Chemist: 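Provided herewith is a single structure, encoded as structure tokens, for subsequent inquiry.
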Amino acid sequence: MSGQVDGPVPEMRMPDEFVKTIGRFAYVWGWPMVSMINRRTALTSVPEPGLRGGVLPNAPVGGVCMMTDYIAPSQRFVACTNQDVLYGFGFGSLDEQPAVFQIPDFGDRFWVAAAWDHRTDSFAKLGKQYGTKPGFYAVVGPNWNGTLPEGITGSFRSSTALAAFCPRVFLEDTPEDRAAVADLVQQVNIYPLDEFDGTMHTYDWAAVPSFPVPDAAGDGEIRWVNPDLFFDQLPEVLDTVPPLPGEEAMYQQFRALLAAADASPEIKKTLTDVAREAEQEVITPLLRWEFNGPAAGNNWYSPTNNSAFGTDYLTRTALARSNMFENAPQETKYIFTDTDVDGAQLDGTHDYTVTFAAGQLPPVDGFFSLTLYNKHHFYYENDLGRYSLGTKNPGLHRGADGSLTLYVGHRPPVDAPEQNWLPAPADQFSLYIRAYWPKQPILDGSWLPPTVTRT
């Protein structure tokens with residue numbers, strides 16, 4: 001329509017309640033993307049690949065660092081990690097230069113390599129479930145117009161310049177499998193395109209340095225979004241993350257709000273107050289699993305669009321708060337709960353059983369696990385060093401009928417095999433099922449997760 005104005009008229013006076021309304025929505029919408037900016041800044045500020053605090057893979061922009069064993073329980077950088085895989089992690093600035101994923105021959109071993117754009121949507125399909133062949137795969141930015149050299153096997157384009165990378169390689173919890181994977185993981189690598197020469201770049205990941213942690217870690221995840229700085233960082237999101245179809249008017253509203261805040265200290269203060277309130281009243285409750293996906297049966301919940309959020313701002317922000325960097329559903333199905341089958345909060349002062357009936361283990365072509373997290377979504381450190389049970393544990397005891405019962409509680413189970421015990425803290429905790437390379441019954445919801453029964 002001729003003469004149409006995009007967003008509020010410049011210099012239009014904004015009532016406080018209007019500022020609060022638009023500001024609160026902007027905070028919820030932009031939270032995951034500001035988190036991505038701050039994680040990138042912190043986790044790429046190293047001179048070479050290494051382990052931050054000796055536990056979390058860090059690498060300069062465009063690269064990755066791989067782990068050679070399960071991630072340590074003491075880390076507080078990323079909530080809800082698993083102890084089924086060897087992780088790698090890194091970030092790219094893909095408009096400046098593509099990154100090359102170097103994929104060796106994994107044989108029969110399960111692996112998947114995720115790449116997420118700035119919105120935390122997955123855009124690369126690399127893994128055993130895709131039949132990916134060994135080779136070199138480039139990930140490029142939306143505005144990169146160069147020519148990929150000979151020897152690049154395939155490529156994937158991100159919708160944003162900022163991207164995060166995470167190769168994952170399955171590891172059975174045995175000394176034999178650790179030895180078997182040692183040479184293979186040295187061939188897993190990601191590096192800037194200008195380092196590509198058509199040959200496999202091996203790296204001794206067991207010898208990488210340890211870098212200090214800037215601040216002491218608390219009980220929960222490091223705060224990647226500071227409400228006091230959020231609206232100072234939001235312009236970078238608006239400038240570098242192009243709007244999805246239909247979001248153009250929303251971007252105009254946010255830009256008008258930020259312009260008003262630049263011109264008015266009162267509006268700027270109101271926005272800061274809004275950010276603080278939204279963090280407590282909206283973001284903090286999203287740690288509860290009931291807000292992280294539809295009901296999956298027996299008081300479990302599971303997202304159906306993880307890493308493919310589109311304009312589902314609620315799920316995207318909830319997962320960014322509770323469990324950032326999930327694989328796409330066809331790669332991994334995530335199922336989680338804070339309660340038992342009767343709806344009561346899980347608490348380690350009680351004992352529970354989780355029984356998979358014969359033939360009712362999670363239907364997967366990859367692997368499954370049941371992980372226990374404390375109330376902050378990190379491992380409960382225990383003398384056994386046991387944080388999950390599943391495919392990686394060949395010594396689990398099965399019932400005579402082929403069923404598998406896992407025992408969960410603060411105390412060892414009585415008259416039950418200890419190898420099936422998952423230690424819990426003496427207070428609140430949650431349970432989390434991972435199903436890598438899920439089959440159709442788990443994708444369509446016809447398979448139901450087991451009951452968590454208080455005994």
Side-chain angles (χ1 to χ4, degrees), residues 29-30 32-46 49 57-65 88-103 112-127 130 132 135-167 188-198 201 224 233-248 251 254-255 306-311 316 320 324-328 331:
W29 174 83
M33 292 176 281
V34 169
S35 179
M36 276 282 283
I37 289 170
N38 292 332
R39 290 173 191 258
R40 180 228 24 222
T41 300
L43 303 182
T44 61
S45 58
V46 292
N58 280 203
V61 171
V64 73
C65 177
F89 201 68
F91 288 88
S93 183
L94 301 181
D95 275 349
E96 294 177 23
Q97 184 172 194
V100 175
F101 282 56
Q102 178 178 285
I103 306 299
V112 62
W116 300 276
D117 65 16
H118 199 151
R119 296 186 188 88
T120 69
D121 284 335
S122 177
F123 66 89
K125 294 182 177 181
L126 294 166
Y130 299 115
T132 304
F136 304 94
Y137 296 84
V139 292
V140 304
N143 301 307
W144 188 80
N145 295 314
T147 301
L148 294 172
E150 291 289 329
I152 294 295
T153 314
S155 64
F156 301 92
R157 187 173 291 272
S158 171
S159 67
T160 62
L162 172 58
F165 316 137
C166 184
V188 182
N189 209 338
I190 300 174
Y191 42 81
L193 181 65
D194 64 9
E195 296 180 17
F196 173 72
D197 60 8
H201 295 195
W224 293 111
Q233 295 186 283
L234 186 59
E236 181 178 345
V237 174
L238 299 175
D239 291 342
T240 59
V241 180
L244 296 173
E247 286 187 330
E248 294 87 356
Y251 271 54
F254 295 163
R255 289 188 186 279
N306 32 302
S307 292
F309 302 112
T311 56
R316 181 178 70 185
M324 199 163 179
F325 300 125
E326 287 192 354
N327 289 334
E331 296 171 353

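Bear in mind that the values here come from a model prediction, so they are computed numbers and not experimental data.
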Chemist: Starting from the C-alpha separation in whole Å, work towards a yes-or-no answer on ring pair (Phe, Tyr, Trp, His ring centres under 6.0 Å) for Phe136 and Phe196.
Modeler: CA-CA 9 Å; Phe136 304 94; Phe196 173 72; 5.1 Å; yes
Chemist: Using a 4.5 Å cut-off on heavy atoms from C-beta on, say whether the side chain of Phe101 contacts that of Val64.
Modeler: no
Chemist: Holding to ring pair (Phe, Tyr, Trp, His ring centres under 6.0 Å), I want the full list of residues that pass it with Phe123, two or more places apart in sequence or in another chain.
Modeler: none
Chemist: Does a donor on one side chain sit under 3.5 Å from an acceptor on the other, for Thr160 and Arg119?
Modeler: no
Chemist: Are Ser159 and Asp117 close enough that a side-chain donor and a side-chain acceptor fall under 3.5 Å?
Modeler: yes
Chemist: Less than 4.5 Å apart, side chain to side chain, heavy atoms only: is that true for Pro49 and Pro60?
Modeler: yes
Chemist: Taking atom CD of Glu247 as the centre, does the number of heavy atoms from other residues, nucleotides or ligands within less than 6.0 Å exceed 12?
Modeler: yes
Chemist: Got Ile37 and Val237 here, is their nearest side-chain heavy-atom distance under 4.5 Å?
Modeler: yes
Chemist: Filter on side chain to side chain donor-acceptor pair (under 3.5 Å), then keep only pairs touching residues 137-154, sequence neighbours left out; what's left?
Modeler: Asp95-Asn143
Chemist: Which residues satisfy the side-chain contact (heavy atoms from CB on, under 4.5 Å) test with Thr44, sequence neighbours excluded?
Modeler: Arg40, Val61, Phe91
Chemist: Quick one: side chain to side chain donor-acceptor pair (under 3.5 Å) partners of Ser35, sequence neighbours excluded?
Modeler: Arg39
Chemist: Tell me, please, which residues at least two apart from Asp197 pass salt bridge (Lys or Arg N to Asp or Glu O under 4.0 Å).
Modeler: none
Chemist: Holding to ring pair (Phe, Tyr, Trp, His ring centres under 6.0 Å), I want the full list of residues that pass it with Phe325, two or more places apart in sequence or in another chain.
Modeler: Phe89, Trp116
Chemist: Determine whether Asp194 and Gln97 make a side-chain contact, defined as any pair of heavy atoms from C-beta on separated by less than 4.5 Å.
Modeler: yes
Chemist: Are the side chains of Leu148 and Ser155 in touch, meaning some heavy atoms are under 4.5 Å apart?
Modeler: yes
